[in-house]
Amino acid sequence: MSNASANIIALKTIWIKECTRFLRIWVQTLVPPAITMTLYFVIFGSIVGERIGTMSGVTYMEFIVPGLIMMSVITNSYSNVASSFFSAKFQRNIEEMLVSPVPTWAIILGYVGGGMARAMIVAVIVTFVSFMFVDISIAHIGYVILTVVLTSTLFALGGLLNGVFGKTFDDISIVPTFVLTPLTYLGGVFYSVSLLPEFWQNVSMANPILYMVNGFRYGFLGQSDVGIATAMWVLIAFNVVFFSGAYYLLEKGKGIRS
Amino acid sequence: MTNALEIKGLRKVYKGGFEALKGIDLTVQEGDFYALLGPNGAGKSTTIGVISSLVNKTEGKVTVFGYDLDTQLADLKRQIGLVPQEFNFNQFETVRQIVVNQAGYYGVPRKLAHQRSEKYLKQLGLWDKRDQPARALSGGMKRRLMIARALLHEPKLLILDEPTAGVDIELRRSMWDYLTQINKEGITIILTTHYLEEAEMLCRNIGIIDAGRIVENTSIKKLLTQLSRETFILDLAEGHKDISIDGFDSRWSDDNTLEVDVEKDAGLNNVFEQLSGQGAKVLSMRNKANRLEELFVHMVENGRKQEESSQ
């Protein structure tokens, strides 16, 4: 058997293992986002949203749907990989891969693929939940898919980096709590950045999540606070940087080899 | 014959400056059953860690069946099956998932991995437990699972880091039988153990490591010829506490138990003649300590003395 086909088998094995893991604990991984997003739709969409009226020419409910789906994608892709990789380190079963000839890129793609799979399933669930509250159409399906793929990849890579650096279980909850959640809430999920004073609009442009939310919103509604090409390039650039960082650290054995 | 393992000038200095390996040289031939002995902290696990690439070496050269650790890492890894000291599988996965996944990491197609999982899990008495999560297994079963997992990609070199630690005697003996059998089938085995009896029973060659240095690397047979004195324990019938044995060091450990030190060339006939002459009835006799254990302690102590005197 050639090295290439052996590596593909190894990659598939890691991906299947990762998917099996989150499906085995589906009550912890797939149900909570559905419940949380239903509450968001009820409270912000129906109750508060009816008093807000329209935003960027659509109902408030229609405006927040893409952002909320994206929020689920970000949270789930990140936490899946961070917790799985850190647990593998903690239980030392990461050694199963380290002693075998799995190349570093396959370890990264296997874990990231698992995070993406969970994010996609959650995205589909949340999208179906949103259909209970609003009739939403998709303006550009290609951008919807591209944005969700790039975003879930990026945050799965982020989760992997967190897992690599993490030394305790606290370490893998710090970033989601103190970095991801604020950036997501300030990334235009619930409002259009055009409503902000100019200074804060400029500050918001430094938030990468703004580009993801707007790229996704463009796919759904055909409108965005930022240029769609810019949004895609920002996503691609971050992916390249995060993948390179993860590759370098794993090759070096950071946190996994003595 | 190819060398299964060749180590030259291997050094490992951990962060903080602790030098775990001080330039060791080691050769294990193909088909060998080799024991690596040493006290706690001697460098056994670090050596195994370097060979299996879990520990980054500081200096030196390692080859496994001719594959170089630095330049042919993937090929080198394919030759090795590792059974580590600690349970390091995912406790929530089933027995079969653990072994099939491990095969997948080595590029074994899933269908073949399932076939092999049946073969090895049956051989190791785990087939009935295949769909149980690993956390539900007993300690002995977990040890056997780690052996099955290490064999699924059919390596040429099996490395076991204290595989029978904490395992009951019955299971230990069945593991010995299994390891002997697979060694006869052609798998080279390197074993670290604290049970010197285990090394004496299973292995043909032995390396003794202490404080990061190899203090002996020879065959068990040759090693045992270095033994100059053995202590025997004789259980005697009651009422002979007044007897003495001339020409031998002896002492009573209780009213009926006599310990006698016998030089290698002296033989036991003289001891028995003197005992019979004084009317003592010997009920049973055994070695006081494992022969290898005595040698091991002697060598480690000598090694340390030499190091101290050279400093």
Side-chain angles (χ1 to χ4, degrees), chain A residues 1-29 83-111 113-114 249-258, chain B residues 12-15 18 20 45-46 48-58 67 72-94 97-113 133-135 146 149-150 152-153 155 159:
Chain A
M1 178 178 292
S2 71
N3 275 356
S5 49
N7 291 342
I8 296 298
I9 290 171
L11 168 62
K12 266 171 65 183
T13 303
I14 301 170
W15 185 75
I16 290 169
K17 180 180 76 80
E18 282 303 291
C19 292
T20 309
R21 190 195 74 89
F22 76 73
L23 290 172
R24 186 174 58 229
I25 49 172
W26 61 274
V27 177
Q28 294 171 47
T29 53
S83 63
S84 178
F85 191 83
F86 181 75
S87 297
K89 252 174 67 172
F90 187 77
Q91 292 189 70
R92 296 181 59 182
N93 54 286
I94 189 79
E95 290 176 3
E96 291 177 337
M97 281 173 233
L98 299 181
V99 299
S100 64
V102 188
T104 300
W105 62 261
I107 295 178
I108 296 173
L109 293 185
Y111 272 97
L249 291 168
L250 289 184
E251 274 285 298
K252 212 176 145 200
K254 169 78 184 165
I256 49 175
R257 286 194 175 96
S258 322
Chain B
K12 171 63 189 177
V13 183
Y14 283 103
K15 276 179 196 166
F18 173 66
S45 295
T46 302
I48 286 175
V50 171
I51 299 166
S52 53
S53 79
L54 289 173
V55 174
N56 294 328
K57 67 184 166 65
T58 307
Y67 294 108
Q72 297 161 296
L73 184 60
D75 288 322
L76 175 141
K77 284 176 168 179
R78 281 192 191 95
Q79 315 304 314
I80 301 174
L82 177 68
V83 181
Q85 206 176 117
E86 312 276 347
F87 300 132
N88 69 343
F89 41 74
N90 187 334
Q91 303 272 345
F92 298 98
E93 287 177 356
T94 66
Q97 279 172 343
I98 288 168
V99 292
V100 168
N101 283 345
Q102 186 69 16
Y105 301 150
Y106 285 85
V108 178
R110 215 149 179 88
K111 195 178 167 193
L112 181 59
R135 67 177 184 278
M146 294 215 293
R149 183 184 63 177
L152 229 79
H153 63 285
I159 301 176

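Lettering of chains follows the sequences in order, A, B, ..., and the numbering in each one begins at 1.
Counting heavy atoms of neighbouring residues, nucleotides and ligands inside a 6.0 Å radius, atom NZ of A/K12 does not exceed 12 of them.
Here the side chains of B/S53 and A/L98 are not in contact, with every heavy-atom distance at 4.5 Å or above. Side-chain contact between B/I98 and A/E96 is present, with heavy atoms from C-beta onward closer than 4.5 Å. With contacts defined as side-chain heavy-atom distances shorter than 4.5 Å, the pair A/V99/B/Y106 qualifies. A/N93 has its side chain out of reach of B/E93: every pair of non-hydrogen atoms, C-beta onward, lies at least 4.5 Å apart.
Taken to the nearest 0.5 Å, the CG atom of B/L54 stands 10.5 Å off from the CD1 atom of A/I94.
When heavy atoms are compared at a cutoff of 4.5 Å, A/R21 does not approach chain B at all. Contact of B/K15 with chain A is not made at all, since no heavy-atom distance falls under 4.5 Å. Using a 4.5 Å cut-off between heavy atoms, A/I16 contacts chain B through its side chain alone, with no backbone atom that close. Neither the backbone nor the side chain of B/L73 comes within contact range of chain A; no heavy atoms are under 4.5 Å apart. The contact between B/Q91 and chain A is made by backbone and side chain atoms together, counting heavy-atom distances below 4.5 Å. For a residue to count as touching a neighbouring chain, one of its non-hydrogen atoms must lie under 4.5 Å from one of that chain's; by this rule B/F87 touches chain A with the backbone only.
Of all heavy-atom pairs between B/Y105 and A/T13, the closest is CE2-CG2, 3.8 Å.
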Chi angles and distances behind the side-chain contact (heavy atoms from CB on, under 4.5 Å) call for B/E86, A/E95 | CA-CA 11 Å; B/E86 312 276 347; A/E95 290 176 3; over 6 Å; no
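Annotation: maximal heavy-atom pairing with chain A below 4.5 Å, among B/N90, B/L76, B/V55, occurs at B/N90. Options A/S87, A/A106, A/G110, A/P101 differ in how many heavy-atom pairs under 4.5 Å they form with chain B, and the most are formed by A/P101.
When atom types are taken as modelled, the side chain of B/K77 and the backbone of A/S100 share a donor-acceptor pair closer than 3.5 angstrom.
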